[in-house]
Amino acid sequence: MARNLLVRCSYCGTAYHGFQIQKNGDTVAARLMEAIFQVTGEASPTIGCSRTDAGVHAREYFFNVHTGAKISSERLPAALNAHLPYDIAVTACREVPEDFHARYRAVGKEYCYFIHNSPVRDPFCESLKYHYRYPLDEKLLDHAAKWFVGTHDFSAFCSAGSSVKDTVRTITEARVSREGELVLFTVRGTGFLYNMVRIMAGTLLGVAEGKLSAQEIPDIINSCDRSRAGITAPAHGLYLNRVFYTWEEFETLPGR
């Protein structure tokens with residue numbers, strides 16, 4: 001009898017064209033499915049909690065997979081990691097109900113956008129953080145970020161090419177903080193549109209550069225006009241940081 005397993009992983013997205021399987025590019029899901037086949041002998045598709053763009057990273061990502069293999073959920077992470085490249089790691093696994101779906105059962109996600117704010121770039125941050133050489137006032141940006149909180153139509157923060165019809169999303173938290181040369185934009189919500197967090201980050205950089213004011217953000221949101229928001233910040237600064245479920249045993253996963 002097949003079991004439904006919820007698997008937690010993390011990955012550096014630099015070498016991949018996102019999570020989802022694609023015909024013309026290497027993806028995280030493809031590497032995971034190869035590892036699953038090596039361990040179980042089954043060509044089992046992964047059901048991911050979210051789509052991530054090329055170059056985007058994940059500190060915490062969940063997928064579920066159905067398998068008839070008898071390997072225990074406790075042993076599966078180590079077994080998969082033996083067949084995964086260095087930039088993908090499985091960190092936990094737990095059996096879940098048959099109807100559990102990693103994407104549709106998620107009730108919220110938290111993203112972080114990392115900015116290395118220094119006149120001189122750091123080669124150890126390359127492809128992992130966005131290097132921004134000009135001074136940033138994190139207190140100003142934190143004030144600006146608060147305007148994102150609430151339930152809004154975020155059409156102005158969605159890139160062209162999205163097929164989503166409902167563009168209303170709820171943001172429960174948005175903040176900007178600094179640790180030395182690292183400026184961090186953290187945003188949590190019930191769901192996000194295509195490139196939404198990257199456009200939010202680009203809009204905050206527009207505020208930092210004086211191209212926009214913090215007080216303009218509500219008007220930009222209400223306009224539903226993508227051209228009024230900021231740039232789409234580069235993908236390599238973005239991380240899916242946490243995924244939230246209401247499932248009662250979820251918090252007992254190792255490392256939570």
Side-chain angles (χ1 to χ4, degrees), residues 5-14 16 18-20 27-29 32 46-65 73 76-77 80-81 84 87-96 100-115 128-130 138 141-142 145-146 148-152 154 157 169-179 182-201 204 233 235-256:
L5 301 179
L6 177 66
V7 184
R8 185 181 68 201
C9 67
S10 58
Y11 56 84
C12 172
T14 303
Y16 303 103
F19 181 86
Q20 293 291 109
T27 66
V28 177
L32 286 165
T46 59
I47 302 171
C49 66
S50 177
R51 292 177 178 270
T52 56
D53 295 335
V56 173
H57 317 292
R59 284 177 152 184
E60 179 176 82
Y61 189 99
F62 286 90
F63 66 91
N64 66 287
V65 60
S73 55
L76 188 63
L80 291 177
N81 285 333
L84 286 169
D87 47 8
I88 304 173
V90 170
T91 56
C93 176
R94 179 178 291 280
E95 189 166 347
V96 291
F100 189 96
H101 190 290
R103 179 182 176 189
Y104 297 135
R105 291 289 290 273
V107 296
K109 298 182 180 76
E110 180 180 274
Y111 283 90
C112 293
Y113 196 89
F114 288 83
I115 301 173
L128 297 175
K129 298 176 180 65
Y130 174 48
E138 68 277 7
L141 300 189
D142 183 59
K146 297 296 186 282
F148 294 131
V149 176
T151 300
H152 310 290
F154 280 100
F157 295 84
R169 296 292 185 271
T170 298
I171 298 301
T172 56
E173 183 178 355
R175 65 183 187 275
V176 176
S177 58
R178 177 185 287 274
E179 296 179 10
L182 178 64
V183 174
L184 178 61
F185 170 47
T186 303
V187 59
R188 184 181 296 188
T190 57
F192 294 87
L193 301 171
Y194 180 44
N195 283 344
M196 180 171 162
V197 179
R198 290 169 60 188
I199 298 170
M200 286 177 161
L204 292 178
H236 64 273
L238 183 61
Y239 291 69
L240 176 57
N241 195 51
R242 295 193 71 184
V243 184
F244 301 96
Y245 295 98
T246 57
W247 185 48
E248 59 185 6
E249 295 186 23
F250 169 72
E251 292 296 339
T252 64
L253 276 172
R256 291 293 295 183

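It should be emphasised that the depicted structure is a prediction, and the values quoted were computed from it without experimental measurement.
- Under a 3.5 Å cut-off, the side chain of Thr186 and the backbone N or O of Cys112 do not form any donor-acceptor pair.
- The aromatic rings of Phe19 and Phe63 are tilted relative to each other, their planes meeting at an angle between 30° and 60°.
- Within the 4.5 Å cutoff, side-chain heavy atoms of Cys49 are placed close to those of Leu240.
- Shown are Glu60, Lys109, Glu110; of these, the side-chain contact (heavy atoms from CB on, under 4.5 Å) with Phe244 is made only by Glu110.
- Counting heavy atoms from C-beta outward, Val65 and Val7 have side chains that approach closer than 4.5 Å.
- Relative ring orientation between His236 and Tyr130 is described as perpendicular, the plane-to-plane angle rising above 60° on a 0-90° scale split at 30° and 60°.
- Within the 3.5 Å criterion, the main-chain N or O of Ala89 finds no donor-acceptor partner in the side chain of Asn81.
- When the ring-ring contact (aromatic ring centres under 6.0 Å, His included) test is applied to Tyr239, the partners found at least two apart in sequence or on another chain are His57, Phe114.
- For the pair Arg59 and Arg242, the minimum side-chain heavy-atom distance is 4.5 Å or more.
- Tyr111 approaches Ser50 most closely through the heavy-atom pair OH-OG, 3.4 Å.
- Checked against a 6.0 Å centroid threshold, the rings of Phe157 and Phe148 count as neighbours.
- A heavy-atom distance below 4.5 Å is found between the side chains of Thr170 and Thr172.
- Here the side chain of Asp142 pairs a donor or acceptor atom with the backbone of Val176 at under 3.5 angstrom.
- The shortest distance between side-chain heavy atoms of Leu184 and Ile115 does not fall below 4.5 Å.
- Aromatic pair Tyr245/Phe62: centroids less than 6.0 angstrom apart.
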